[in-house]
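Single-structure report; data block below.
Given the structure is predicted, the values throughout are model-derived calculations rather than measurements.
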Amino acid sequence: IQHQYFCLTKMRNYFINARGRHWLLIIILLAVSAYLPYLIFGAYPIAKRVNLEQEQIEAIVEELDLPNYYELYDYESTEAEQLLEKQAFDGWEGGKCRFCHAVRKDDRDRMAPSLYKILGRPAAVSGNFTYSDALINMRENGLVWTPETIDAFISDPENFVPGNRMRVEGIKDAKTRELIINYLIRESK
């Protein structure tokens, strides 16, 4: 009887300890899965609201007297040009804009802010995204997205906005940047 009691006690202790180890493993896996999107993409697993209301956005750009970039760049591109622009946006070397960013109004939210109607808009104002303090500071210092600022940003994101969370290298090829910007102008109207 003592032997059976000893065996049952050992088994009970094993299951209690094993359960504790399993829970610890589950907690570690959950923590890693919550941290990986931030580590890889700079996306926060838990969003906090720091974006501006539409009235505040309009107040920022109202005093800047910016042109309507969508009318300014309203040109007819050939199907071949449109294909090159889409390919540049979908698959430039070093990352893929389409993977993280939505462009059209009815696109689903992705890991990064939507680029719908980005031209003439202040930085760090899209809904459904939590921005880095660095990008919010740039907005407060007057950063508005124009074709020129987008070009500068995507050529070297880390140096244009130090501390931002866009985890891609810059696009060194000026022609690729131009194609991406043309795609944004055409598709984000």
Side-chain angles (χ1 to χ4, degrees), residues 37 40-43 51-132 134-136 138-139 141-162 164-189:
I40 296 170
F41 304 108
N51 306 337
L52 299 179
E53 298 295 325
Q54 188 60 34
E55 297 82 33
Q56 294 170 303
I57 296 169
E58 289 170 5
I60 291 172
V61 296
E62 183 178 302
E63 57 195 46
L64 297 177
D65 195 33
L66 296 170
N68 182 335
Y69 291 102
Y70 296 102
E71 290 176 5
L72 189 64
Y73 290 93
D74 195 22
Y75 66 94
E76 288 295 320
S77 55
T78 66
E79 282 187 34
E81 289 172 327
Q82 290 180 10
L83 181 60
L84 285 173
E85 292 167 0
K86 182 174 179 3
Q87 288 172 342
F89 186 81
D90 288 350
W92 59 270
E93 292 300 320
K96 293 174 177 34
C97 306
R98 170 69 69 198
F99 182 75
C100 296
H101 294 280
V103 177
R104 295 183 188 95
K105 183 177 184 174
D106 56 351
D107 278 352
R108 66 176 174 76
D109 286 336
R110 297 201 174 125
M111 210 166 299
S114 173
L115 302 178
Y116 176 68
K117 295 266 188 198
I118 190 170
L119 293 170
R121 193 171 62 187
V125 296
S126 286
N128 298 326
F129 190 74
T130 301
Y131 289 93
S132 64
L135 207 52
I136 292 170
M138 290 296 285
R139 176 193 66 213
N141 290 327
L143 178 61
V144 173
W145 295 121
T146 66
E148 296 78 21
T149 57
I150 291 172
D151 183 62
F153 181 67
I154 64 177
S155 70
D156 191 359
E158 184 55 39
N159 285 324
F160 189 76
V161 181
N164 81 80
R165 292 192 318 256
M166 193 160 115
R167 303 278 199 259
V168 296
E169 291 182 21
I171 305 168
K172 303 303 178 214
D173 182 44
K175 182 63 178 169
T176 303
R177 291 193 312 266
E178 180 184 342
L179 290 169
I180 290 171
I181 292 167
N182 288 343
Y183 181 82
L184 285 176
I185 291 169
R186 186 173 35 104
E187 294 296 323
S188 73
K189 290 183 185 184

ask   = For the residue pair Gly120 and Val61, what are the closest heavy atoms and their distance?
value = O-CG1, 3.1 Å
inquiry  = Minimum heavy-atom separation for Arg104 and Tyr183, please, with both atom names.
reply    = NH2-OH, 3.8 Å
So how far is it from [X] [atom1] to [Y] [atom2], rounded to the nearest 0.5 Å?
X      : Y      : atom1 : atom2 : answer
Leu64  : Thr146 : CG    : OG1   : 10.5 Å
Asn141 : Ile136 : CG    : CD1   : 12.0 Å
Gln82  : Glu187 : CD    : CD    : 7.5 Å

Side-chain heavy atoms of [X] within contact of [Y], under 4.5 Å:
X      : Y      : answer
Ser77  : Asn182 : no
Val161 : Phe153 : yes
Arg121 : Ser126 : yes
His101 : Ser114 : no
Phe89  : Leu115 : yes

remark   = From the list Ile150, Val144, Leu66, Ile181, side chain to side chain contact (heavy atoms under 4.5 Å, CB included) partner of Leu119 resolves to Ile150
ask   = Does Arg177 use its side chain to pair, donor to acceptor, with the backbone of Ser155 at less than 3.5 Å?
value = no
key: Neighbour count >12 (heavy atoms, 6.0 Å) for atom CG, Asp65   = no
task = Before giving the answer on side chain to side chain donor-acceptor pair (under 3.5 Å), spell out for Tyr70 and Ser188 the whole-Å C-alpha distance, their side-chain angles and the decisive distance to 0.1 Å.
result = CA-CA 9 Å; Tyr70 296 102; Ser188 73; 2.9 Å; yes
